[in-house]
Structure formats: C-alpha cells, structure tokens
Novice: 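Shown below is the structure under consideration.
Letters go in sequence order (proteins before strands), and every chain restarts at 1. Every value quoted in this text rests on a predicted model; they were computed, and no experiment measured them.
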Amino acid sequence: MLLKFKVYELVKTVPYGKVTTYKEIAKALNVKCYRVIGQALKQNKDLINIPCYKVVHANGNVGGYVLGKKEKVKLLKKDNIEVVGDKIVNFEKVLFKFVK
DNA sequence: CCCTTGACCAAAC
DNA sequence: GGTTTGGCCAAGG
C-alpha cells in the first residue's frame, strides 16, 4: 500500500521527454518486487495526475496501459519519444534514472 | 493467515 | 523470435 504511493511520487518526478522502467522504480525504492509497481499503476485512481505512460518494460518495450498500448504510444510521442512497433527508440537516451 | 493475482524479468526452450 | 517457466513479492479478498 505504501509502496504504491512511493511509486506514484517517483513517476511524478519523471521530467518531460523522459521515461522510466518498472525495474528502475523498484531499484530506486530499494525493493525487488517489479510486479507490484505495475499493479500500483494499474490500480491507481490518479491517472490524471500520474503519467503512468512514461513507465515501460526493462527492455524498452512499451508494456501495458489501461487505455491500451496505442494510447500509451500516442502520449509518449507527445513527449518527443519515438516508438517503433512496441519498443522505445533510443531507449537508453530517454531513460530517466532516479538518483540513488 | 492462506490463496490468488499481476501494466514484470530473465533465462530457457 | 515467440512462448513457457520459475522466481519474485506486495496487496487484497
């Protein structure tokens, strides 16, 4: 429960034009449960305040989204992030890593 | 407290 | 290169 809140806070700190991964978030929170991160975002009711679309798989794959991958990609492109197929282009470049 | 459920991950097949 | 498998662990019923 409190993990989720931390996740929300972290995601909110992701700057424009950047994305992050479930793994990175877990690492930043010093936990190993990547899966819970996804659950947190899925179950979140603050979709308007939380840019969950900026959270992708560890390998750059877009991952899932409540409104579908299409919408997720659309939003990502809005943030100047290119997506081909289901993968982030220049993934390393746009990946935002939290300070440890 | 036991059981199920994941918007995951990495390795193996 | 897609699919399966096992592991991982919090959250909710």
Novice: Are A:Val11 and A:Leu95 grouped together when hydrophobic residues (ILVMFWY) are joined by side-chain heavy atoms under 4.5 angstrom apart?
Specialist: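 No, it is not one cluster - the side chains of A:Val11 and A:Leu95 are not joined through contacts under 4.5 Å.
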Novice: Specify the separation, in whole Å, of atom CD1 of A:Ile50 and atom P of B:dA7.
Specialist: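 Distance check: A:Ile50 CD1 to B:dA7 P gives 16 Å.
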Novice: Rounded to whole Å, how long is the line connecting atom CG of A:Leu47 with atom P of B:dA7?
Specialist: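 These atoms are roughly 14 Å apart.
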Novice: Quick one: A:Leu41 CG to B:dT5 P, roughly how many Å, whole number?
Specialist: 21 Å
Novice: Report the distance from atom CD1 of A:Ile25 to atom P of B:dA7, rounded to the nearest whole Å.
Specialist: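 My rounded result for the distance is 15 Å.
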Novice: Would you mind building the protein contact string for nucleotides 8-13 of chain B? One character per nucleotide, 5' to 3', B for base within reach (heavy atoms under 4.0 Å), S for sugar-phosphate only, - for untouched.
Specialist: BSS---
Novice: Enumerate, atom names and distances included, each donor-acceptor pair closer than 3.5 Å involving a side-chain atom of residues 63-71 of chain A, sequence neighbours excluded.
Specialist:
residue	atom	partner	partner atom	Å
A:Lys69	NZ	A:Asp86	OD2	3.0
A:Glu71	OE2	A:Lys74	NZ	3.0

Novice: Separation of A:Gln43 atom CD from C:dG12 atom P, in whole Å?
Specialist: 6 Å
Novice: With sequence neighbours excluded, tell me which residues meet side-chain contact (heavy atoms from CB on, under 4.5 Å) with A:Tyr34.
Specialist: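 A:Tyr34 satisfies side-chain contact (heavy atoms from CB on, under 4.5 Å) with A:Lys23, A:Ala26 once adjacent residues are dropped.
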Novice: Any chance you could measure A:Asp46, atom CG, to A:Ile48, atom CD1, to the nearest 0.5 Å?
Specialist: 6.5 Å
Novice: Is A:Val14 close to A:Phe98 at the side-chain level, that is, under 4.5 Å between some pair of heavy atoms?
Specialist: yes
Novice: Just the rounded figure in Å: distance from P of C:dA10 to CG of A:Asn30.
Specialist: 12 Å
Novice: Supply the atom-to-atom distance A:Leu3 CG to A:Lys6 NZ, rounded to the nearest 0.5 angstrom.
Specialist: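 So the gap between those two atoms works out to 6.5 Å.
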Novice: Between atom CD1 in A:Ile37 and atom P in B:dA7, what is the gap in whole Å?
Specialist: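 It is 13 Å, rounded to the nearest whole Å.
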Novice: With heavy atoms under 4.0 Å as the rule, sort A:Leu2 into base, sugar-phosphate or nothing.
Specialist: sugar-phosphate
Novice: Report the residue from A:Val55, A:Val36, A:Val56 that forms a side chain to side chain contact (heavy atoms under 4.5 Å, CB included) with A:Tyr22.
Specialist: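 The side chain to side chain contact (heavy atoms under 4.5 Å, CB included) with A:Tyr22 is passed solely by A:Val55 among A:Val55, A:Val36, A:Val56.
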Novice: Round to a whole Å and report the spacing from CG of A:Leu3 to P of B:dG6.
Specialist: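 In whole Å, B:dG6 P and A:Leu3 CG are 18 Å from each other.
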Novice: Quick one: label A:Lys42 by what it contacts on the DNA or RNA (base, sugar-phosphate, nothing), any heavy atom closer than 4.0 Å.
Specialist: base
Novice: Taking for each residue the nucleotide of DNA chain C bearing the nearest heavy atom, is the 5' side occupied by A:Lys32 or by A:Lys4?
Specialist: A:Lys32
